[in-house]
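Index from 1, following the sequence. Note: hydrogens, waters and symmetry copies are ignored here, and every other heavy atom, side chains too, is used. All values derive from a computational prediction rather than experimental measurement.
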Amino acid sequence: MVNKEYTSTGPFMGPHIREKWTSQWIMQQVLIALAFPTIAATYFFGWWSLVMVVVSIVTCVGLEFSFQKIVHKKVTITDYSAVITGWLLALTLPVTAPLWTLLIGDFIAIIVVKQLTGGIGRNWLNPAVAARVLLKLFFSPWITNWVTPQPDVVATATPLADLGNFAREVSPTTPDLFELFMGYGLGGPIGETCKFALLLSAVYLIARKIINPLVPVLTLGSFYSAILLYSGFDFSFASAHLLSGALIFAAVFMVTDYTTSPLTDKGKYIFAIGCGVLAVVLRISLDLPGGIGVAILVMNLLTPLINRYTVSRIYGE
């Protein structure tokens, strides 16, 4: 729903609609929402988290500006989409990730996934998600060196390491649900650890009417339901899965992406449920901890098909 202000210039004039919604305004709201997990990342992992975010943003904006200048296209860096891509990608990496891996990811996201397919509004894969998945595929030794938050920084595994391998119950070494929710003592990507911060982001985006609240709810709900069925209705196991990994981060910031999700509300709901269920299949059957990223890319590819069967037919066709 869009906030609208109606005015009239005279007794015989119809109502005029003035909307504050622009691409720039929407992107600005997302940037504000990204501040919450970034503050949490800085608190848990230190100032280097901010360095990663700034470097990634500057790189993405620079790549987009340079590419558009070289190919003589309109420069669109003022729409903030490159800023968001760089920010999101930085938050999906651990604090130990070398900066060169981040730069490679920025290049994949901006040049390969976004600009070579036509730019914002035309890319058929989510740039940040695609870059993160490819980095995981080709550079895992460097971007999966997880450490616990400060002050006791030690090498560790993510909670999903205990929940994978076809497990059906919570391991004794799995952190409790409060620790998983708050992010205390957990290894993982800097922006995905504190679920409380992500909840604040979701509340802000919903309050500003930037995202449809049913989309993240259906993503998480379908995931949780599928895990419950798999585990024989072990609520502790399902809850630990829900609060582990990048699932909530992706549900708030990536499944809700305007460009790479379906056009209609019905299509968005199908897309969200598909992401949640497919993430479970990938986590369990293939022991793929980062299953939500691959799930989103698969559903991105299915978006044209979803649009085909959910977009209303034009009268007369």
Side-chain angles (χ1 to χ4, degrees), residues 27 30-31 33-70 77 80-116 123 125-158 183 186-194 197-198 201 245-246 249-250 253-254 289-290 292-294 296-297:
M27 296 297 183
V30 178
L31 293 175
L34 282 170
F36 294 110
T38 305
I39 292 170
T42 306
Y43 173 77
F44 285 118
F45 296 102
W47 63 271
W48 189 252
S49 301
L50 284 178
V51 173
M52 293 174 63
V53 169
V54 172
V55 167
S56 187
I57 289 173
V58 171
T59 302
C60 283
V61 172
L63 286 170
E64 183 158 297
F65 177 84
S66 300
F67 179 87
Q68 291 174 335
K69 281 291 188 181
I70 291 172
I77 58 173
Y80 299 110
S81 62
V83 176
I84 290 176
T85 297
W87 200 333
L88 283 171
L89 184 58
L91 293 179
T92 66
L93 297 179
V95 72
T96 55
L99 285 181
W100 61 265
T101 60
L102 183 56
L103 300 181
I104 290 175
D106 291 334
F107 180 86
I108 294 171
I110 295 298
I111 303 300
V112 178
V113 180
K114 185 181 179 186
Q115 291 301 325
L116 290 182
N123 48 285
L125 294 176
N126 184 297
V129 176
R132 179 64 175 81
V133 169
L134 289 175
L135 284 178
K136 178 72 179 294
L137 181 62
F138 294 110
F139 300 100
S140 279
W142 293 279
I143 69 162
T144 55
N145 183 22
W146 316 114
V147 295
T148 57
Q150 295 179 336
D152 300 319
V153 179
V154 296
T156 185
T158 66
L186 304 181
I190 59 175
E192 302 169 1
T193 304
C194 182
L198 296 174
S201 297
F249 182 87
F253 289 109
M254 294 163 172
I292 186 61
V294 177
I296 291 173
L297 295 183

May I have all residue pairs that pass salt bridge (Lys or Arg N to Asp or Glu O under 4.0 Å) and include part of [range], sequence neighbours excluded?
| range | value |
| --- | --- |
| residues 39-49 | none |
| residues 84-105 | none |
| residues 80-89 | none |
| residues 55-64 | Glu64-Lys114 |

How close do [X] and [Y] get, counting heavy atoms only, and between which atoms?
| X | Y | value |
| --- | --- | --- |
| Val53 | Ala90 | CA-CB, 3.8 Å |
| Pro37 | Ser201 | CD-OG, 3.2 Å |
| Gly86 | Ser56 | O-OG, 2.6 Å |
| Val55 | Asp106 | O-OD2, 4.4 Å |
| Asn126 | Ala128 | OD1-N, 3.1 Å |

* Asked: Is there a side-chain contact between Leu102 and Leu135, using heavy atoms and a 4.5 Å cut-off?
  -> no
* To do: Would you check if Ile39 and Thr42 make a side-chain contact, meaning some heavy-atom pair closer than 4.5 Å?
  =>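 Ile39 does not reach Thr42 side chain to side chain.
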* In this structure, which one of Leu88, Ile143, Leu297 forms a side-chain contact (heavy atoms from CB on, under 4.5 Å) with Arg132? ->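 Among the candidates, only Ile143 passes.
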* To do: Report the residues that fulfil side-chain hydrogen bond (donor to acceptor under 3.5 Å, both in side chains) with Thr59, sequence neighbours left out, ordered by chain and then residue number.
  => none
* **Residues that Asn123 engages under side-chain hydrogen bond (donor to acceptor under 3.5 Å, both in side chains), provided they are two or more places apart** => none
Please identify each residue that fulfils side chain to side chain contact (heavy atoms under 4.5 Å, CB included) with [X], with sequence neighbours left out.
| X | result |
| --- | --- |
| Ser140 | Lys136, Thr144 |
| Phe138 | Leu134 |
| Ala41 | Ser49, Ile190 |

* To do: Kindly write out the residues that satisfy ring-ring contact (aromatic ring centres under 6.0 Å, His included) with Phe67, not counting sequence neighbours, or none if the list is empty.
  => none
* With sequence neighbours excluded, what pairs up with Trp48 under the ring-ring contact (aromatic ring centres under 6.0 Å, His included) test? ->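 With neighbours one apart ignored, the set is empty.
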* To do: Keeping the roles fixed (side chain from Ser66, backbone from Leu63), state whether a donor-acceptor pair exists under 3.5 Å.
  => no
* Asked: Can you tell me if Ser81 uses its side chain to pair, donor with acceptor, with the backbone of Ile77 under 3.5 Å?
  ->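 No, because the side chain of Ser81 does not come within donor-acceptor range (under 3.5 Å) of the backbone of Ile77.
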Mind checking the [atom1]-[atom2] spacing from [X] to [Y]? Nearest 0.5 Å is all I need.
| X | Y | atom1 | atom2 | answer |
| --- | --- | --- | --- | --- |
| Thr85 | Ile110 | OG1 | CD1 | 4.5 Å |
| Thr96 | Met52 | OG1 | CE | 8.0 Å |
| Leu198 | Leu34 | CG | CG | 9.5 Å |
| Leu50 | Thr38 | CG | OG1 | 7.5 Å |
| Ile111 | Leu116 | CD1 | CG | 6.5 Å |
| Ile104 | Trp142 | CD1 | CH2 | 9.0 Å |

* For Phe45 and Thr193, run side-chain contact (heavy atoms from CB on, under 4.5 Å): C-alpha distance rounded to whole Å, both residues' side-chain angles, the deciding distance at 0.1 Å, then the answer. => CA-CA 10 Å; Phe45 296 102; Thr193 304; 3.8 Å; yes
* **Set of salt bridge (Lys or Arg N to Asp or Glu O under 4.0 Å) partners for Glu192, sequence neighbours left out** => none
* Start with the C-alpha distance between Trp87 and Tyr80, add both sets of side-chain angles, then the distance that settles ring-ring contact (aromatic ring centres under 6.0 Å, His included), and finish with yes or no. => CA-CA 11 Å; Trp87 200 333; Tyr80 299 110; over 10 Å; no
